[in-house]
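Data block below; observations after.
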2 protein chains.
Amino acid sequence: MTNKSVKLEDVAKEAGVSKTTVSRVLNNRGYLSKQTVEKVHQAIEKLHYRPNVVARQLFRQSTHLVALIFPTVDDPFFAQLEAELEKRLAALRYGALMGNSQNNPEKERQYLKLLLNHQVDGLIVGAHNQGITEYQHTNLPIVSIERYMGNNIPIVTSDNYHGGELAVQRLLNDGCQHIIHTNYPSYQVSPNELRQQAYEDVLHRHGMKPITYQVSFDISEEAKKKVFRKMFREHPEVDGIFADNDTNASLIIRVGKEFNRHVPNDLKVVGFDGANITRMLSPELTTIQQPLPEMATKAIELLMAQIDGKPYQKTVKLPVRLINSTTA
Amino acid sequence: MTNKSVKLEDVAKEAGVSKTTVSRVLNNRGYLSKQTVEKVHQAIEKLHYRPNVVARQLFRQSTHLVALIFPTVDDPFFAQLEAELEKRLAALRYGALMGNSQNNPEKERQYLKLLLNHQVDGLIVGAHNQGITEYQHTNLPIVSIERYMGNNIPIVTSDNYHGGELAVQRLLNDGCQHIIHTNYPSYQVSPNELRQQAYEDVLHRHGMKPITYQVSFDISEEAKKKVFRKMFREHPEVDGIFADNDTNASLIIRVGKEFNRHVPNDLKVVGFDGANITRMLSPELTTIQQPLPEMATKAIELLMAQIDGKPYQKTVKLPVRLINSTTA
DNA sequence: TTGAAAGCGCTAACAA
DNA sequence: TTGTTAGCGCTTTCAA
């Protein structure tokens, strides 16, 4: 029914007016007699006309499209983040273009190209890759989430340092004596390093020796398990673990069982993220929850300020909270 | 650095050739002397030229954009499905536009409008809403996933009926005598009804009485729990549950504990979906796994066939498998 | 209050 | 092998 090839000109002919007039009706601009507006509306109805936004985009030099570049949507944290961002963008009538880099710098570079080619109006980036200088060279509005991307790119983070403190303090309160931290390698100053910093600071204050195991984000579940098995073998004394995210925490708990270490009696584990799905599927996990809805709100706010040429903050740090449950 | 306002004409001037020639170089079309190609490439480099895809889209009447309309990405099944789809689209150099309807028909309608306005080349729909006739009226290539949308719209499903059989059979093998099924209400013939059909058929064959509890997809966790509490109160004899998805299975297991029913001794539960995240966070769940990667592959295949005007199947049904774990 | 015409940046007949 | 020109569908200046 909706004839794709109906164009403004056809509506104009049908209504017996000029293209200009139809355009004015469409955009509600300029002086128009009630009668004309009426006629045009009728013609639009009759022909099932729908404006071609691409033509409009070409003229306006703006697509009302925002690209979301994240490692993957197949992870509770990023899935929720993208969902929250998308919801807010839709409310502002912006489309959300997905770009999941799989933590592969080459892919991320390709995405950036693909998405820039689609003339997006802005970029929200939460991918982990470093060393991609191309971002600096786009004059596009960008907001980064939990990732340092350069001095001039605003960043939204949660209070990672305090999160680290809360987690380690929780384990100490539980009486843990040998606390290990897992983290993913980061090649540049990155907010998640603050968790490790906090972990080390708190441990030092208590005269304990910090030990961190690096676990890449993009390796297989089995590969991660291997790292954790190594950890249990090398440190049989471990009685508390501060994991860098909830899925790793879950994995660690499982690997612990292989070593006959059961949570929370022989082992305490605190995770990080506290996304909806994780809370739903693993409510027993004690974790540090990041304020995902607020982070999304702030990110959109910063992006829109840039798009509208208004002033905006360079850094937004949002509070985390400890979710007390039964694994620690 | 990448000057947004550099256009084809500037490159032409810089290289001392016509716009056509530059366009030809860009698209690798027609006869070109090596020298010219070289000159043009140099000019492109020098000016940091990047083609404006919107202009190209206007001409070609194709955006290389595909819209994904799903209830939400904040759910393991849909998150993985969207991730798989997006990956395949990117490989074909198509952009993926997200549209998460939150299971709200009004929102879905708005999305459809927003996305159609963006002149997407195709639609992949897995939202649950019914009664949206607008889909029928777009002449756009559409593929539906696990949802009946009309005779002329191809659909990719997993073998829901066999999945239902497998699940119920598993519970029967465990010795369950009182098996309840949970499902979400569907307003039209929908593939998930086949699970219920299989459930009822198998139970009837064993002379048992089927009981199904309806749980809406879009209500809160607390609201769902209420339904399940009601279920345990009304049917204290229940010893086996075939849940319509894994998150509900997880919820049921938790609610069961409130009634002092512990899995798998006092209660067996089989879920449905078997998405990555669920397997990761709740590996103990016995479930029916849908072949998400294959479903995505097929969906893209059917969509691309439509876009390219090639013949395509109207229905694709893919096999499921039982994942044996410890909740049943 | 309305319309003619130019132009957004690109591509492709057609001509040379 | 290359260039001229019209046009994709829309918006807006400028003029009436």
Side-chain angles (χ1 to χ4, degrees), chain A residues 2-44 47-65 93 116-121 139, chain B residues 2-44 47-65 93 116-121 139:
Chain A
T2 310
N3 196 331
K4 287 259 313 181
S5 58
V6 177
K7 55 185 76 162
L8 195 128
E9 198 173 350
D10 302 318
V11 177
K13 274 203 193 106
E14 175 71 29
V17 297
S18 75
K19 295 199 296 174
T20 313
T21 303
V22 178
S23 174
R24 285 203 182 101
V25 173
L26 247 36
N27 294 287
N28 223 334
R29 228 191 286 288
Y31 311 98
L32 295 161
S33 78
K34 227 174 175 172
Q35 210 189 18
T36 311
V37 174
E38 187 59 26
K39 268 192 304 183
V40 170
H41 275 307
Q42 273 169 12
I44 288 176
L47 301 178
H48 292 280
Y49 170 73
R50 190 158 344 92
N52 181 331
V53 179
V54 173
R56 192 179 281 171
Q57 286 169 354
L58 179 58
F59 185 87
R60 295 232 175 101
Q61 300 289 64
S62 145
T63 54
H64 254 234
L65 241 36
R93 317 246 64 203
L116 290 181
N117 275 353
H118 272 289
Q119 312 289 118
V120 296
D121 289 353
N139 295 326
Chain B
T2 311
N3 196 332
K4 286 261 311 182
S5 57
V6 179
K7 56 186 75 162
L8 194 127
E9 198 174 348
D10 302 317
V11 176
K13 272 203 193 107
E14 175 71 28
V17 298
S18 76
K19 294 198 299 174
T20 312
T21 303
V22 178
S23 173
R24 286 204 181 100
V25 172
L26 247 37
N27 295 287
N28 224 334
R29 227 191 287 287
Y31 312 100
L32 293 161
S33 79
K34 231 179 172 166
Q35 209 188 18
T36 312
V37 174
E38 187 59 26
K39 268 193 304 184
V40 171
H41 275 307
Q42 273 170 12
I44 288 176
L47 301 178
H48 292 279
Y49 170 72
R50 191 161 339 94
N52 181 331
V53 179
V54 173
R56 194 177 280 172
Q57 287 170 353
L58 179 58
F59 185 87
R60 295 234 175 100
Q61 300 288 63
S62 144
T63 53
H64 254 234
L65 240 36
R93 319 243 63 204
L116 290 181
N117 276 352
H118 272 288
Q119 310 290 119
V120 297
D121 289 353
N139 294 327

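Chain identifiers are assigned alphabetically (A, B, ...) following the order of the sequence lines, protein sequences preceding nucleic acid strands; residue numbering begins at 1 within each chain. Reckoned from all heavy atoms, side chains included, excluding hydrogens, waters and symmetry mates. Since the structure is predicted, the reported quantities are computational estimates derived from the model, not experimental observations.
- A distance of 9.0 Å separates NZ of A:Lys7 from NZ of A:Lys13, quoted to the nearest 0.5 Å.
- Following rounding to the nearest Å, A:Leu58 (CG) and D:dT12 (P) show an atom-to-atom distance of 13 Å.
- Between B:Ala55 and B:Gln35, the one whose closest nucleotide on DNA chain D sits nearer the 5' end is B:Gln35.
- When rounded to the nearest whole Å, the span between CG of B:Asp10 and C1' of C:dC8 equals 14 Å.
- Look at CZ on B:Arg24: it is 10 Å from P on C:dA12, rounded to the nearest Å.
- Taking all atoms of both residues into account, the shortest heavy-atom contact from A:Ala43 to A:Glu14 is CB-CG, 3.5 Å.
- Per the geometry, CG belonging to B:Asn27 stands 11 Å off P belonging to C:dC10, to the nearest Å.
- Remark: B:Gln61 is in phosphate contact with D:dG9, judged by side-chain N or O atoms under 4.0 Å from OP1 or OP2.
- In terms of phosphate contacts, B:Asn52 brings no side-chain nitrogen or oxygen within less than 4.0 Å of OP1 or OP2 of C:dC8.
- Of all the heavy atoms in B:Tyr49 and B:Leu8, the pair that sits closest is CE1-N, 3.4 Å.
- Distance B:Lys7 NZ to C:dG7 P: 11 Å, rounded to the nearest Å.
- Applying a 4.0 Å cut-off to non-hydrogen atoms, the residues of residues 11-22 of chain B that approach DNA chain C are B:Lys19, B:Thr20, listed by residue number.
- Taking the side chain of A:Arg56 as heavy atoms from C-beta on, and the options C:dC10, D:dT2, D:dC10, the nearest nucleotide is D:dC10.
- Side chain to side chain, B:Thr21 and B:Ser18 meet the donor-acceptor criterion of an N or O pair below 3.5 Å.
- Computed from coordinates, the A:Leu26 CG to D:dG9 P distance equals 15 Å when rounded to whole Å.
- The shortest distance between the side-chain N/O atoms of B:Gln119 and the OP1/OP2 oxygens of D:dG9 is not below 4.0 Å.
- Note on A:Leu32: only backbone sugar-phosphate atoms sit closer than 4.0 angstrom, heavy atoms only; bases stay farther off.
- Between A:Val22 and A:Ala12, the closest heavy-atom pair is CG2-CA, 3.6 Å.
- In this structure, A:Tyr49 reaches the D:dC10 phosphate: one of its side-chain N or O atoms is under 4.0 Å from OP1 or OP2.
- Note on A:Arg29: a side-chain N or O is less than 4.0 Å away from OP1 or OP2 of D:dT12.
- The distance from atom CD of B:Glu38 to atom CG of B:Leu32, rounded to the nearest 0.5 Å, is 12.5 Å.
- One can place CD of A:Gln57 at 12 Å from P of D:dT11, the figure rounded to the nearest angstrom.
- Between the CG atom of B:Leu8 and the P atom of D:dT5 there is a distance of 17 Å, given to the nearest Å.
- Taking both residues in full, the closest heavy atoms of B:Thr63 and B:Asp121 are given as N-OD1, 3.0 Å, listed atom of the first, atom of the second, then distance.
- Of the two residues near DNA chain C, B:Phe59 and A:Phe59, the one whose nearest nucleotide lies more 5' is A:Phe59.
- Where the helix from C:dT1-D:dA16 to C:dA16-D:dT1 starts and where it ends, the local axes point in directions that differ by 40°; five pairs per end, rounded to 10°.
- To the nearest 0.5 Å, atoms NE2 (B:His41) and OG1 (B:Thr36) are separated by 11.0 Å.
- Rounding to the nearest 0.5 angstrom, the gap separating the CG atom in B:Leu26 from the NZ atom in B:Lys19 is 13.0 Å.
- Distance from the side chain of A:Ser23 is smallest for D:dT12 among the nucleotides D:dT12, D:dT1, C:dT2.
- Note that CG of A:Asn52 is 11.5 Å distant from NE2 of B:His118, once rounded to the nearest 0.5 Å.
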